[in-house]
Visitor: 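The structure is given below, and queries will be raised subsequently.
All values below come from the heavy atoms of this structure, side chains included, with hydrogens, waters and symmetry mates left out. The first residue of the sequence shown is numbered 1, and numbering continues consecutively from there.
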Amino acid sequence: MQKRSSKKESHLKNDPTPESALKLPWKRLVSVLIPFALAAIPFIYGKYIEFNTPGAFDGALYVYDANQVVQGKLIGKEVAPTARPATLLTNMVGVWLFGYSELGPKVLQTLMQIVALILMYITLCRIYGRFPAAIALILAASFLSCPPFAKYGNVKEQFMIACMVISVCSLLLWHKGGSIGWLLVSGIFAVNICYYKPTGASAIVGMAVYLILQPLFRLRTIKQFFLDIGGLLLGAIIGVLPLFILFASHGQLIMLLGKTPGGLSLIRAFKEKPATAAKPTLGGRYIKTSRSVSNYESQFNTVFRYYKSFIVPIGMSLLAIGFGLVGSIRAILLYIRGKKKSDEPPDEEKSDYQSRLFHGSLILLFGIWWILDMCFIWVSPRSYVEYYLPLNSSAAMLTASAVWLMSKRQYGILILLGMWFIIELLFTGLAPVSTFPYISFEFSRFESLGSSWIKHLIIFALAITAFFLLKRKLSTFRPVVLVVLCLVSAYFLNTANLATFQKRYADVHRQKSQNHNAIWVQISKLIKDNSTPEDSIYVWGWYPGIYVESQRVSAARRPAYSNMHSEKPVTVGRHANSLVQQFEKNKPKFIVDSQKMHFPFWDHPVMDLWPRWSDSKKRSFSFNYGAAQAVRKSVFMHPDEWQAHHKIRYEHLKQVVKQLLKRKKLPKEQVEKLAEQEQQRHMAIKPLRDYMMKYYKPISKPSDPMLVFQRVK
């Protein structure tokens, strides 16, 4: 009886009173609400910018193609979508729900991001606890919303990132005791990652290595391993089913296969020789042509300039990887030493060993994911700002690991502060060279650091002082001081990002309040007000946003063209002739020459549709190759003048291209070759220029940043 009563007393003792029962949930609720509130601030500001910034480029083209398909046009025959399958389908759903605008895709992307961030927090809470999860959540929400990298909403990278996070987190929730539904969800989103963008394979590779290590480390049995693989495959089948139905209904399953990783090799294996099929096709001709007009130096300077914006997540990631590798190696050595001393190590040592290996495998998963995200930026010479978004999601997962490890080892904050300082010095001083090891160090570049290095040294010195002086008497106060110093250092490292964020928000707010629209939006309104929905238009260059803003359709099957300076001259000429043929059948009421500075930007004059003289005296030709070079007093050439002087203009253009290419310090032979090719490209579009001058009249000033032409009735 006495034993029973003691049990009852113990039970009553542990049972919370009504007052404590009310306090406990509130404490947990507050501990969850605070990080989500802090994460919501940059997220909401970022969404305000995205929703109030009309997309002029890729996102608008996705909407245009999606609307065409929703309206009943056939994929591959009447519509040649540039979007990958999942991007196309998502935009179709957005257009179907919200109409022909970017609103739908942006709403869907926002919902996917919210789900991904919530899942990230829940998963990291299960593994590392609330505080590391909160830091990771705030970091992810901040950097994934920060301009200029997250300047538009409807971009494939943000859809891909949401899929990556949801897939990885769902797998980990399954391994942490969740239902098998999480495994299916992981497979559903994993298969769609590469259908948004191929570089999302970084997360898939990390997951594959993680799964293989589980039975090798005896963290999961072989039976559980095959259950994981089977569940992921079943989820993948479910996930690809909507895409299969869409493309099958349009008779384009081969197109879907071609967009599947390895699919092109399979297609070539049936159509071509096996040796050709085995060749890697990473990026295809897009990458090949881009590299032909680029060089290593310009790409290096661009990539490392943007890397500097992410010193905080990069430092956290490196710290987590370093601590994780050291901890895993140490655990293995201790376990081996214990095995030598006795036949069977104690249960506590076994548990500690398995725990260390589990966290080591997690860091390996996050680390491979992050390293590949960092490397994939180098695949294309066109380092657009959106390319740098994915590394922040994998870095956020590693950040939780780093914070968790630093909570056990407070000297980790010292290492982190020193690492941030070293990374900033490296990213500032590193310079490209043409020979091995292809990197040098230029101390002259340190002038751009200013006084920031002094701030870092002061913070680092204070951290060392706090670590040693507060070790005994104020041991509970020491971690608070170290964390505060870490946050101050992180703030100083992100002053440029915060300034960009604030400026971008102020610009959008001012434009919205003053109704001051970009020139392409003004042109869209002009077209919409002076045409009917039945009228077609065409935009030369890469401003497909004009179609969406004007609510008009393209007179050509291919509504936008951006590779005019990188494709072969014969390809450019074929495209120009095709446009003329299509315009004769479906006469566009307006044609817009967007004067877009296409890659490689400042190295070629704009391929304008209606050539101009530099001034009214017609002494020289006008070549627009950047805002600074635009000629304000230029005048349009008369069609007769164009026919009489076009050959002379081509020769003049060749000399201009040579002068521009000399800035890159390229070999003389390469400069000659590139200038010759560019001259041939301009010559190849002569039929399109002739057609323009015959049937259209300019309604813009020749000095305007964009030119609009209206068909002569």
Visitor: Suppose we screen for salt bridge (charged side-chain N to carboxylate O under 4.0 Å, His left out). Which residues come up paired with Glu50, at least two apart in sequence or across chains?
Guide: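 If we apply the salt bridge (charged side-chain N to carboxylate O under 4.0 Å, His left out) test to Glu50, skipping adjacent residues, the hits are Lys47.
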Visitor: Any heavy-atom pair between the side chains of Lys106 and Leu103 that's under 4.5 Å?
Guide: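 Of all side-chain heavy-atom pairs linking Lys106 with Leu103, none is under 4.5 Å.
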Visitor: Determine whether the aromatic ring centres of residues Tyr538 and Phe583 are separated by less than 6.0 angstrom.
Guide: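 Yes, ring centres under 6.0 Å apart.
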Visitor: Can you give me the closest heavy-atom contact between Leu661 and Val671, atom names plus distance?
Guide: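 Taking Leu661 first and Val671 second, the nearest heavy atoms are CD1-O, 3.9 Å.
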Visitor: Without swapping roles, check the side chain of Glu442 against the backbone of Ala431 for a donor-acceptor pair under 3.5 Å.
Guide: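 Flag not set: sc Glu442 to bb Ala431 has no pair under 3.5 Å.
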Visitor: Please evaluate residues Gln113 and Gln158 with respect to the criterion side chain to side chain donor-acceptor pair (under 3.5 Å), reporting the C-alpha separation (whole Å), side-chain torsions for both, the decisive distance (0.1 Å), and the verdict.
Guide: CA-CA 8 Å; Gln113 287 178 304; Gln158 293 282 32; 3.1 Å; yes
Visitor: Should the pair Tyr691 and Tyr696 be assigned to parallel (<30°), tilted (30 to 60°) or perpendicular (>60°) ring geometry?
Guide: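 Because their plane-to-plane angle lies in the 30° to 60° range, the rings of Tyr691 and Tyr696 count as tilted.
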Visitor: Hey, which of Tyr387, Phe310, Tyr307 is the one that makes ring-ring contact (aromatic ring centres under 6.0 Å, His included) with Phe149?
Guide: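 For Phe149, the ring-ring contact (aromatic ring centres under 6.0 Å, His included) check succeeds only for Phe310.
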Visitor: Checking Ile519 now: which residues fulfil side chain to side chain contact (heavy atoms under 4.5 Å, CB included) with it, not counting sequence neighbours?
Guide: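 By the side chain to side chain contact (heavy atoms under 4.5 Å, CB included) rule, Ile519 matches Gln522, Ile523, Pro705, Met706.
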Visitor: Of all the heavy-atom pairs spanning Leu660 and Pro605, show the shortest one and how long it is.
Guide: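 Closest pair (atom of Leu660, atom of Pro605, distance): CD1-CD, 4.3 Å.
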Visitor: Below 4.5 Å, heavy atoms only, C-beta onward: do Lys618 and Arg612 meet side chain to side chain?
Guide: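 A side-chain contact under 4.5 Å is absent here.
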Visitor: Please test Lys197 against Glu157 for salt bridge (charged side-chain N to carboxylate O under 4.0 Å, His left out), starting from the C-alpha separation and ending with a verdict.
Guide: CA-CA 7 Å; Lys197 191 178 179 183; Glu157 284 82 6; 2.8 Å; yes
Visitor: Does a sphere of radius 6.0 Å around CZ in Phe621 hold more than 12 heavy atoms from other residues, nucleotides or ligands, not counting ones at 6.0 Å or beyond?
Guide: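 Yes.
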Visitor: Sub-3.5 Å donor-acceptor pair from the side chain of Thr87 to the main-chain atoms of Ala83, do we have one?
Guide: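 Looks like no, no N/O pair under 3.5 Å.
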Visitor: Are Lys589 and Ser536 linked by a side-chain donor-acceptor pair shorter than 3.5 Å?
Guide: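 No - no donor-acceptor pair under 3.5 Å links their side chains.
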Visitor: For Asp65 and Asn91, which I'm curious about, is there any donor-acceptor pair between the side chains at under 3.5 Å?
Guide: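 Result is no, nothing qualifies.
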Visitor: Would you call Arg649-Asp608 a salt bridge at under 4.0 Å N-O?
Guide: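 Asp608 and Arg649: salt-bridged.
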Visitor: Is there a side-chain contact between His652 and Ile648 in this structure, where contact means two heavy atoms from C-beta onward sitting under 4.5 Å apart?
Guide: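 No - every pair of side-chain heavy atoms lies 4.5 Å or more apart.
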Visitor: Does the side chain of Val657 come within less than 4.5 Å of Leu674's, by heavy atoms?
Guide: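 A side-chain contact under 4.5 Å is absent here.
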Visitor: Keeping the roles fixed (side chain from Gln551, backbone from Val548), state whether a donor-acceptor pair exists under 3.5 Å.
Guide: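 Checking the backbone N and O of Val548 against the side chain of Gln551, a donor-acceptor pair under 3.5 Å is found.
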Visitor: Can any side-chain N or O of Ser700 pair as donor or acceptor with the backbone N or O of Val708 at less than 3.5 Å?
Guide: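 Side chain of Ser700 to backbone of Val708, a donor-acceptor pair under 3.5 Å: yes, one is there.
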Visitor: Kindly indicate whether the side chain of Ile546, heavy atoms from C-beta on, has any atom under 4.5 Å from the side chain of Ile537.
Guide: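 Contact flag for Ile546/Ile537 side chains = yes.
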Visitor: Which atoms form the tightest heavy-atom contact between Met693 and Pro611, and what is the distance?
Guide: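 Shortest heavy-atom separation between Met693 and Pro611 comes out as CE-CD, 3.3 Å.
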Visitor: Between the side chain of Asp593 and the main-chain N/O of Leu609, is any donor-acceptor distance below 3.5 Å?
Guide: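 It does hold such a pair.
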Visitor: Under the 6.0 Å and 45° cation-pi test, does Arg711 pair with Tyr695?
Guide: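 Here Arg711 passes the 6.0 Å and 45° test against Tyr695.
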Visitor: Nearest heavy-atom pair of Val539 and Ser594: which atoms, and what distance?
Guide: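 Closest heavy-atom pair between Val539 and Ser594: CG1-CB, 4.5 Å.
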Visitor: With no hydrogens and no angle check, just 3.5 Å: does a side-chain donor-acceptor pair link Asp535 and Thr532?
Guide: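 The criterion, which ignores hydrogens and geometry beyond distance, is satisfied for Thr532 and Asp535.
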Visitor: Testing the basics here: between Leu688 and Ala576, what is the closest heavy-atom pair and its distance to 0.1 Å?
Guide: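 For Leu688 and Ala576, the tightest heavy-atom pair comes out as CB-CB, 4.2 Å.
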Visitor: Does Pro544 reach the side chain of Pro559, with side-chain heavy atoms less than 4.5 Å apart?
Guide: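 When only atoms from C-beta onward are counted, Pro559 and Pro544 do not touch, as no gap falls below 4.5 Å.
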Visitor: Strictly below 4.0 Å, N to O, side chains only: are Lys525 and Glu549 in salt-bridge contact?
Guide: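 Here Lys525 does not pair with Glu549 in a salt bridge, since their nearest N and O are not under 4.0 Å apart.
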Visitor: What residue pairs, at least two apart or across chains, pass salt bridge (charged side-chain N to carboxylate O under 4.0 Å, His left out) with a residue in residues 650-659?
Guide: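 Counting only pairs at least two positions apart or across chains, the salt bridge (charged side-chain N to carboxylate O under 4.0 Å, His left out) contacts touching residues 650-659 are Lys654-Glu676, Lys658-Glu672.
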Visitor: If you define the side chain from C-beta out and look only at heavy atoms, does anything of Thr199 sit under 4.5 Å from Val379?
Guide: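 Heavy-atom side-chain distance check fails, nothing below 4.5 Å.
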Visitor: Looking at Pro105 and Phe159, what are the two nearest heavy atoms and their distance?
Guide: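 Nearest pair, atom of Pro105 first, then Phe159: O-CZ, 3.6 Å.
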Visitor: State whether a side-chain donor-acceptor pair under 3.5 Å links Tyr547 with Gln68.
Guide: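 No pair is found: no donor N or O on one side chain lies under 3.5 Å from an acceptor on the other.
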Visitor: For the pair Phe304 and Trp378, name the ring-plane relationship: parallel under 30°, tilted 30 to 60°, perpendicular over 60°.
Guide: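 Phe304 and Trp378: perpendicular rings.
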Visitor: Would you call Lys694 and Asp690 a salt bridge, using N to O less than 4.0 angstrom?
Guide: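 No.
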Visitor: Not counting sequence neighbours, which residues clear side chain to side chain contact (heavy atoms under 4.5 Å, CB included) with Pro432? List them please.
Guide: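 Checked Pro432 against side chain to side chain contact (heavy atoms under 4.5 Å, CB included); matches are Tyr296, Glu297, Phe300, Asn301, Arg445.
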Visitor: Any luck finding a side-chain donor-acceptor pair between Ser620 and Ser614 under 3.5 Å?
Guide: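 Judged by distance alone, the side chains do pair up.
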Visitor: Any sub-3.5 Å donor-acceptor pair from Arg681's side-chain atoms to Glu567's backbone N or O?
Guide: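 Yes.
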Visitor: Sequence neighbours excluded, which residues qualify as ring pair (Phe, Tyr, Trp, His ring centres under 6.0 Å) partners of His646?
Guide: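 His646: ring pair (Phe, Tyr, Trp, His ring centres under 6.0 Å) contacts with Trp642, Tyr650.
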Visitor: Can you check whether Ser380's main-chain N or O pairs, donor with acceptor, with Gln299's side chain at less than 3.5 Å?
Guide: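 Checking the backbone N and O of Ser380 against the side chain of Gln299, a donor-acceptor pair under 3.5 Å is found.
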Visitor: Using the side chain to side chain donor-acceptor pair (under 3.5 Å) rule, take Lys686 and Gln643 through it: C-alpha gap first, then chi angles, then the decisive distance, then the call.
Guide: CA-CA 10 Å; Lys686 184 177 183 297; Gln643 296 300 335; 3.2 Å; yes
Visitor: Between His638 and Trp610, is the ring centre distance below 6.0 Å?
Guide: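 Ring centroids of His638 and Trp610 are no less than 6.0 Å from each other.
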Visitor: Please tabulate, for the side chains in residues 51-62, all donor-acceptor contacts under 3.5 angstrom to protein atoms that are two or more places apart in sequence or on a different chain.
Guide:
| residue | atom | partner | partner atom | Å |
| --- | --- | --- | --- | --- |
| Asn52 | OD1 | Lys512 | NZ | 3.3 |
| Asn52 | ND2 | Tyr48 | O | 2.7 |
| Thr53 | OG1 | Ile49 | O | 2.5 |
| Thr53 | OG1 | Arg504 | NH2 | 3.4 |
| Asp58 | OD1 | Trp542 | NE1 | 3.2 |
| Tyr62 | OH | Lys156 | NZ | 3.1 |

Visitor: Got a donor-acceptor contact below 3.5 angstrom from the Arg552 side chain to the Ile527 backbone?
Guide: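 Such a contact is absent between Arg552 side chain and Ile527 backbone.
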Visitor: For a side chain to side chain donor-acceptor pair (under 3.5 Å) check, start with the C-alpha distance between Thr90 and Tyr196, then their side-chain angles and the critical distance, and finish with the verdict.
Guide: CA-CA 10 Å; Thr90 305; Tyr196 280 110; 2.6 Å; yes
Visitor: Measuring only between side-chain heavy atoms, which start at C-beta, is His565 closer than 4.5 Å to Val572?
Guide: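 Result no, sub-4.5 Å side-chain heavy-atom pair not found.
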